[in-house]
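Let me begin by presenting the structure, written as structure tokens, before commenting on it.
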Amino acid sequence: MSTKRLALTVVTALLLILFICVPFSRVSAAGYQLTRNLKKGMSGEDVAVVQRLLRDLGFFTYPQITGYFGSITETAVKAFQKANGLAADGIIGPITRGVMNKLLGGSTASRGDATSVYTVQPGDSLWKISQRFGVSLDLLFAANNMTGLTVIYPGQKIIIPRSNASVDTPKVTYLNHTVAKGDTLWNLSYKYGVSVEDIAQANGIDVSAVLYVGQVLKIPKKEIPVKTTPGPQYGELLDWWEEVQYVFPLNSTATVVDFYTGISFKVVRTYGSGHADVEPLTQEDTLIMKGIWEKYEKLANGTVNYWARRPVLVLINGRKLAASATAALHAGLDSAPDGAYVSWRSGDYGAGINYDRIKGNGADGHFDIHFLNSVRHKDGQVDAQHQAMIRIAAGQ
């Protein structure tokens with residue numbers, strides 16, 4: 001081999017080594033446009049760009065940008081495709097490439113646009129973003145591989161899914177109520193199944209406002225659109241704060257179905273602002289409810305864990321909602337008047353106000369049913385175990 005040819009070979013080898021050693025994590029995705037179909041087994045700068053994009057969107061979780069299209073990248077691509085309503089084959093063909101190129105081009109999301117990316121601003125929440133762009137929380141979660149527990153931060157890139165896949169926004173109507181003697185925002189909330197906060201907001205008053213006889217109040221009513229489910233055995237995944245409170249309002253009766261066994265019983269929602277506090281409708285319903293936990297939630301020592309979370313479906317007005325329930329009755333006494341001060345309350349709650357509205361059902365106090373993004377009363381925090389059960393009931 002001639003000296004010149006040898007030198008050329010060495011230079012070529014060095015350039016190849018240099019190319020291989022350049023970390024793909026430095027490859028910028030900004031403004032990059034994909035030009036070829038990509039699939040498992042391929043490698044290159046464009047694969048690195050795809051990995052970076054998918055990482056920013058929360059689909060690619062491998063700690064390093066490799067530039068190699070392996071099984072991890074394929075899984076991330078499938079998740080991206082599924083979130084965008086594309087055929088989830090794991091191959092970046094013309095359609096998937098077109099969606100990715102739009103994101104890589106830095107398009108700004110707006111109502112009616114196709115899938116695009118939004119940069120999180122200080123003070124943003126997932127709910128605020130969903131309202132800003134007219135998409136449901138469910139679609140936003142799915143598009144970004146998130147849950148109700150996900151924390152977002154300023155500068156983070158959030159994918160805004162196709163608006164034509166979003167559900168309709170709730171329709172709000174109003175009725176007038178003329179205040180009578182004894183009316184308060186709380187008892188009006190209970191009467192109409194609307195939160196105190198919503199009534200106050202609709203009338204431009206504070207939640208602690210004192211009402212006067214003859215005052216006319218607007219009572220808002222929200223009609224929550226029905227959401228699709230993965231199958232007929234699952235319930236709608238509705239947000240507690242913006243949806244469930246209107247579908248399952250205070251003073252309403254519903255049927256609770258244990259997701260695993262199909263056993264059902266009736267309840268009345270009597271209290272609860274952070275989640276639904278409910279009571280069995282009859283003594284038979286109390287026995288059925290307790291029987292489920294007594295059979296399926298026994299601890300090793302033989303005692304029953306009534307606080308165990310179980311996925312359930314809440315059936316009301318022809319709708320089926322995904323939820324999670326315990327069977328631990330607490331904070332009440334069936335034999336005493338509701339709202340009275342008593343010296344003993346169930347669940348080791350001690351003396352205090354008696355929270356037991358349904359009488360003669362053999363249940364002292366009430367128990368909890370949680371929905372998407374609902375919180376515990378004790379600390380105002382989302383309960384991760386309840387949220388996991390709710391996802392099971394929703395087929396997710």
Side-chain angles (χ1 to χ4, degrees), residues 127 130-131 135-142 147-148 165-175 189-195 198 219-282 285 288-289 292 309-326 358 366-375 386-396:
W127 172 250
S130 74
Q131 293 300 289
V135 298
S136 71
L137 270 174
D138 287 344
L139 286 174
L140 201 61
F141 288 156
T147 70
S166 63
V167 297
D168 295 332
T169 55
K171 179 182 178 182
V172 182
T173 57
Y174 297 90
L175 58 87
S189 168
Y190 190 81
K191 177 180 179 178
Y192 291 106
V194 179
S195 71
D198 277 357
I219 308 296
K221 180 181 178 181
K222 289 186 179 181
E223 298 178 13
I224 308 300
V226 176
K227 291 186 178 180
T228 58
T229 65
Q233 70 272 40
Y234 300 113
E236 296 177 61
L237 187 62
L238 299 185
D239 178 79
W240 165 254
W241 303 100
E242 299 296 332
E243 296 170 313
V244 175
Q245 295 203 63
Y246 305 99
V247 178
F248 184 26
L250 285 165
N251 204 29
S252 60
T253 301
T255 298
V256 175
V257 180
D258 182 67
F259 184 79
Y260 291 134
T261 66
I263 300 172
S264 64
F265 54 94
K266 290 186 180 299
V267 301
V268 180
R269 182 185 167 202
T270 52
Y271 302 100
S273 56
H275 58 258
D277 287 331
V278 301
E279 300 176 45
L281 180 62
T282 68
D285 293 311
I288 293 172
M289 178 193 73
I292 296 171
R309 283 72 163 157
R310 291 182 66 86
V312 298
L313 301 169
V314 176
L315 278 53
I316 182 168
N317 294 328
R319 300 181 70 161
K320 186 187 299 183
L321 314 183
S324 173
T326 63
I358 307 300
H366 55 270
F367 65 98
D368 302 337
I369 298 182
H370 279 255
F371 297 85
L372 181 66
N373 298 322
S374 61
V375 298
H386 272 306
Q387 296 302 309
M389 295 299 104
I390 293 163
R391 295 283 177 179
I392 290 173
Q396 296 189 3

*Do F371 and V314 come close enough that some side-chain heavy atom pair is under 4.5 Å?*
yes
_Once side chain to side chain donor-acceptor pair (under 3.5 Å) is applied, do any residues pair with S189, and if so which ones, sequence neighbours excluded?_
none
*So, the side chain of W240 versus the backbone of S273: is there a donor-acceptor pair under 3.5 Å, distance only?*
yes
*Please list, chain by chain and in numerical order, all residues satisfying side chain to side chain donor-acceptor pair (under 3.5 Å) with Q233, sequence neighbours excluded.*
none
_Using 0.5 Å steps for rounding, measure from the CZ atom of F248 to the CG atom of L238._
12.5 Å
*Side-chain contact test, heavy atoms from C-beta onward, threshold under 4.5 Å: evaluate it for Q245 versus K222 and give yes or no.*
no
*Grab the two heavy atoms, one from I316 and one from A254, that are nearest each other, plus how far apart they are.*
CB-CB, 4.1 Å
*What residues form a side-chain contact (heavy atoms from CB on, under 4.5 Å) with T255, not counting sequence neighbours?*
V257, S264, K266, L315
*asked:* Checking N373 now: which residues fulfil side chain to side chain donor-acceptor pair (under 3.5 Å) with it, not counting sequence neighbours?
replied: D239
*Measure across H275 and V375 and return the closest heavy-atom pair with its distance rounded to 0.1 Å.*
ND1-O, 2.8 Å
_Nearest-0.5 Å distance, CD of residue E279 to OG1 of residue T253_ = 11.0 Å
*Roughly how far, to the nearest 0.5 Å, is the OG1 atom of T326 from the CG atom of D368?*
4.5 Å
*Search all heavy atoms of P220 against all heavy atoms of V194 and return the closest pair with its distance.*
O-CG2, 3.1 Å
*What do the steps show when you test R269 against V278 for side-chain contact (heavy atoms from CB on, under 4.5 Å), and what is the final call?*
CA-CA 4 Å; R269 182 185 167 202; V278 301; 4.1 Å; yes
*Shortest non-hydrogen contact from V268 to L281?*
CG2-CD1, 3.6 Å
*What residues, two or more places apart in sequence or in another chain, satisfy side-chain contact (heavy atoms from CB on, under 4.5 Å) together with A325?*
W293, V312, I369
*Of all residues at least two apart in sequence or in a different chain, which pass the side chain to side chain donor-acceptor pair (under 3.5 Å) check with Y234?*
none
_Any pair counted as salt bridge (charged side-chain N to carboxylate O under 4.0 Å, His left out), so long as it reaches residues 247-264, sequence neighbours left out_ = D258-R310
_Using 0.5 Å steps for rounding, measure from the OG1 atom of T228 to the CG atom of L237._
10.5 Å
*Residues which pass side-chain contact (heavy atoms from CB on, under 4.5 Å) with F265, listed by chain and number, not counting sequence neighbours*: V256, V267, D285, I288, M289, I292, F367
_On a heavy-atom basis, which atom in S374 and which in G274 lie closest, and how many Å separate them?_
CB-O, 3.1 Å
*asked:* Run the salt bridge (charged side-chain N to carboxylate O under 4.0 Å, His left out) test against E236 and tell me which residues pass, sequence neighbours left out.
replied: R319
*State which residues pass ring-ring contact (aromatic ring centres under 6.0 Å, His included) with H386; sequence neighbours excluded, sorted by chain then number.*
H370
*In Å, rounded to the nearest 0.5 Å, how long is the span from CD1 of I390 to CZ of R309?*
10.5 Å
*Can you list the steps and then say if N251 with T270 is a side-chain contact (heavy atoms from CB on, under 4.5 Å)?*
CA-CA 6 Å; N251 204 29; T270 52; over 6 Å; no
*asked:* What's the separation between atom CD in E242 and atom CH2 in W127, rounded to the nearest 0.5 Å?
replied: 4.0 Å
*Looking only at heavy atoms, what is the nearest atom pair of P230 and A394, with distance?*
CD-O, 3.2 Å
